[in-house]
Amino acid sequence: MDLMALVVYKGIAIRVLLPISSEELAERFGYEGQEIEVTFDSIEGLPDLDCERLNLDLANELAEKLENVDEDIVLSFIESNSSDPRNLLNAEFDDCWFYPDITTDRELGEYLVDDMGVELSREQLERYLDYEKYGRDVRLSEGGSFVDKGYFVSR
């Protein structure tokens, strides 16, 4: 996902595509060849990210890390885990799963059994005849959570 940031320097705000070098950023503000320190107001597409904790290096690292990560996974991680950009930078997105439109334990249980073909022993079937119970148990054991767009697991 591409990250477009709204950065502020001396009361002037501009939008920049990340990653961006400090030299190029200074030039965009009209301070060619000078070091400037900007603040980050927001990053488009990541409305809940805590931008007060961002600096240019961290913002650039995030842009590089998130370049090939699905936006729904990133937004779900922020919603279910943390809005701290450092936590986002340390996230292992290869170990995250997102199931769109699954918003209850019952839907999760039905999806896993009916659509994913999870095989259950006779004992498990007797215990989990209730999809909601099964979905809840899976959610609790995985540490997953329901987010605005569906079900999200981060490991």
Asker: Heavy-atom distance under 4.5 Å between the side chains of Leu62 and Leu88, does that happen here?
Answerer: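 Result yes, sub-4.5 Å side-chain heavy-atom pair found.
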
Asker: Is there a path of hydrophobic side-chain contacts, each under 4.5 Å between heavy atoms, that joins Ile12 and Leu6?
Answerer: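 The answer is no; the residues belong to distinct hydrophobic clusters.
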
Asker: Please name all residues satisfying side-chain contact (heavy atoms from CB on, under 4.5 Å) with Glu67, sequence neighbours left out, ordered by chain then number.
Answerer: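 Expected list: none.
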
Asker: Would you name the heavy atoms of Leu108 and Gly135 that are closest together and state the gap between them?
Answerer: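 Taking Leu108 first and Gly135 second, the nearest heavy atoms are CD2-O, 3.4 Å.
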
Asker: Going hydrophobic residue to hydrophobic residue with side-chain gaps under 4.5 angstrom, can you get from Ile14 over to Phe40?
Answerer: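 Shared cluster, yes.
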
Asker: Can you measure from CG (Asp101) to OH (Tyr111) and round to the nearest 0.5 angstrom?
Answerer: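 The distance works out to 11.0 Å.
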
Asker: Distance only, no hydrogens: is a donor on one side chain within 3.5 Å (strictly under) of an acceptor on the other, for Ser82 and Asn87?
Answerer: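 Yes, Asn87 and Ser82 have a side-chain donor paired with an acceptor closer than 3.5 Å.
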
Asker: Using a strict threshold of under 4.0 Å (side-chain N to carboxylate O), is an ion pair present between Glu110 and Arg106?
Answerer: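 Salt bridge present between Arg106 and Glu110.
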
Asker: What about Val7 and Leu46, same hydrophobic cluster or not, with Ile/Leu/Val/Met/Phe/Trp/Tyr joined at side-chain heavy-atom distances under 4.5 Å?
Answerer: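 Yes; Leu46 is reachable from Val7 via cluster members.
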
Asker: Between Phe146 and Tyr151, how do the two ring planes meet: parallel, tilted or perpendicular, split at 30° and 60°?
Answerer: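 Answer is tilted, since the angle falls between 30° and 60°.
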
Asker: Side-chain heavy atoms nearer than 4.5 Å, only ILVMFWY residues, links allowed to pass through others: does that put Met4 and Ile20 together?
Answerer: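 No; Ile20 is not reachable from Met4 via cluster members.
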
Asker: Can you name the residues that form a side-chain contact (heavy atoms from CB on, under 4.5 Å) with Glu79, not counting sequence neighbours?
Answerer: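 For Glu79 the side-chain contact (heavy atoms from CB on, under 4.5 Å) partners, ignoring immediate neighbours, are Val147, Asp148.
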
Asker: Hey, could you give me the CG/NZ distance between Leu75 and Lys149, rounded to the nearest 0.5 Å?
Answerer: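 Spacing of CG (Leu75) from NZ (Lys149) equals 5.5 Å.
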
Asker: Any salt bridge between Lys133 and Asp105, counting N to O under 4.0 Å?
Answerer: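 The answer is no: the pair does not qualify as a salt bridge.
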
Asker: Can Arg53 and Asp84 be counted as an ion pair, charged N to O under 4.0 angstrom?
Answerer: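 A salt bridge links Arg53 with Asp84.
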
Asker: Where the side chain of Lys10 meets the backbone of Phe29, is there a donor-acceptor pair that is under 3.5 Å apart?
Answerer: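 No, because the side chain of Lys10 does not come within donor-acceptor range (under 3.5 Å) of the backbone of Phe29.
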
Asker: By side-chain contact (heavy atoms from CB on, under 4.5 Å), which residues pair with Cys96, not counting sequence neighbours?
Answerer: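 Ile73, Phe93, Phe152, Ser154.
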
